[in-house]
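Heads up, the thing below is written out as structure tokens.
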Amino acid sequence: MMGPVEAYQYLVEEISDPRVADWPMMASPFPVLLILLAYLLFVLQLGPRYMRDRPPYDLYNFMKAYNVTVAICSATVFYGLLTSGFTTNLSWGCEPVDYSLNPEAISMARWVWWIMLLKIAELGDTVIFVLRKKYNQCSFLHIYHHVTTVSLAWIACKYAPGGMWTFIMMPNCLVHVIMYTYYLLACLGPRIQRKIAPWKPYLTMLQLIQFVVMVIHTSQALLPSCEPRMKPLAYIYMSNVVVIFYMFWDFYKKAYLSKKAV
């Protein structure tokens, strides 16, 4: 039996990818944990308290720039992941992580690190909601999804920044290109909002389809011959996606199907 110190050293130093150990925020989980704690403290306590006696901020210009930036960054990361192996030697099947110093393997690891930074930046969604006093959008689903996405992105970069584990990031990037383009259009005024409103349910459906693709692809890791060391990562990831899928499906039913039934 290992004590807490030995367990920490084993998890953070011994079984992690040594190539990323000296990259920013990758030496230990504490920087990302502090970011997530600050995020939760702001959106659940400090932000609403600060906004209590203030009118909502008009952030439309900032939101336009933010949505354009996230959409472009998501497309860039998608292209980076795609061209760091999937257009050359990686298949859609069970592909082990290449932990070598091969330039393509290093490039893939760096794009996984960038996607972690992108997911941290996307915490800004909730900050914007709070500053605009859109508290109804700060749902448990929204906050849980953001926190777990950042956490899983850090775990992927720390332990498996390559192989089959990067495939599931590409559909996520594509969905986010579409999502943030939609959010950008929604910032352009009531006339555009009315035109794009019928497409909003399809965004949630697209996310649900994305989760199904992710679970199906990751399930390959449960085969005895596929990634023997990564079984715990597969269980952690798949269980979280199943929980997220359930919450998104519940939201979809309440927001859209129940309205059709009335």
Side-chain angles (χ1 to χ4, degrees), residues 63-87 90 92 108 111-126 128-129 137 139-157 161 164-187 192-193 195-220 237-257:
M63 289 163 60
K64 291 174 188 175
Y66 174 79
N67 291 324
V68 168
T69 301
V70 175
I72 292 174
C73 288
S74 297
T76 304
V77 171
F78 169 81
Y79 181 78
L81 292 170
L82 183 68
T83 56
S84 294
F86 288 101
T87 54
L90 292 179
W92 291 10
M108 182 68 85
W111 282 113
V112 175
W113 182 78
W114 277 110
I115 202 171
M116 181 195 70
L117 292 189
L118 180 58
K119 297 309 169 187
I120 292 173
E122 288 175 10
L123 297 175
D125 292 2
T126 328
I128 291 171
F129 292 157
Q137 293 178 299
S139 63
F140 176 79
L141 165 59
H142 175 88
I143 295 172
Y144 176 85
H145 181 47
H146 274 291
V147 170
T148 55
T149 299
V150 171
S151 302
L152 288 172
W154 185 88
I155 290 171
C157 189
M164 65 176 292
W165 306 98
T166 56
F167 173 85
I168 53 181
M169 300 174 185
M170 292 194 295
N172 178 261
C173 287
L174 286 179
V175 169
H176 279 231
V177 171
I178 297 170
M179 281 174 48
Y180 283 93
T181 301
Y182 178 94
Y183 299 152
L184 171 64
L185 293 173
C187 293
I192 301 297
Q193 289 173 8
K195 287 186 176 182
I196 65 174
W199 293 96
K200 193 171 183 180
Y202 295 105
L203 283 180
T204 306
M205 185 56 67
L206 191 61
Q207 289 173 305
L208 291 169
I209 294 170
Q210 168 202 198
F211 298 142
V212 172
V213 170
M214 289 175 168
V215 169
I216 291 174
H217 186 269
T218 307
S219 65
Q220 297 177 94
Y237 180 78
M238 291 175 66
S239 61
N240 180 70
V241 174
V242 169
V243 171
I244 290 287
F245 179 91
Y246 171 80
M247 289 195 288
F248 267 82
W249 175 243
D250 185 61
F251 167 79
Y252 182 84
K253 288 190 298 182
K254 291 176 179 177
Y256 306 117
L257 296 184

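In this chain, numbering begins with 1 at the start of the sequence shown.
- A parallel orientation is assigned to the rings of Phe140 and Tyr144, their planes being inclined by less than 30° (bins at 30° and 60°).
- Using a 4.5 Å heavy-atom threshold, the side chains of Thr166 and Phe86 count as touching.
- Taken to the nearest 0.5 Å, the CD1 atom of Ile115 stands 5.5 Å off from the CG atom of Leu81.
- With rounding to the nearest 0.5 angstrom, the CD1 atom of Ile143 is 12.5 Å from the NE2 atom of His145.
- Taking 4.5 Å as the limit, every side-chain heavy atom of Phe78 sits out of range of all side-chain heavy atoms of Val177.
- The distance from the CD atom of Gln207 to the NE2 atom of His176 is 6.5 Å, given to the nearest 0.5 Å.
- Contact between Ala71 and Thr181 at its shortest, heavy atoms only, is CB-OG1, 4.2 Å.
- A heavy-atom distance below 4.5 Å is found between the side chains of Glu122 and Ser74.
- Across every non-hydrogen atom of Met108 and Ser84, the tightest pair is CE-O, 3.4 Å.
- The side-chain heavy atoms of Trp111 and Thr76, taken from C-beta on, include a pair separated by under 4.5 Å.
- Trp249 has its ring centre no less than 6.0 Å from the ring centre of Tyr246.
- In plain terms, the two heavy atoms of Pro161 and Cys157 that are nearest each other are CG-O, 3.5 Å.
- Judged by distance alone, the side chains of Tyr182 and Asn67 never bring a donor and an acceptor atom under 3.5 Å apart.
- Here Tyr237 pairs with nothing under the side-chain hydrogen bond (donor to acceptor under 3.5 Å, both in side chains) rule; sequence neighbours left out.
- The closest side-chain heavy-atom distance from His142 to Phe129 is below 4.5 Å.
- Residues satisfying the ring pair (Phe, Tyr, Trp, His ring centres under 6.0 Å) test with Phe211, not counting sequence neighbours, are Phe248.
- Aromatic ring pairs are classed by plane angle as parallel below 30°, tilted from 30° to 60° and perpendicular above 60°; the pair Tyr66 and Tyr180 is perpendicular.
- Interatomic distance, CE of Met238 versus NE2 of His217, reported as 11.5 Å (0.5 Å rounding).
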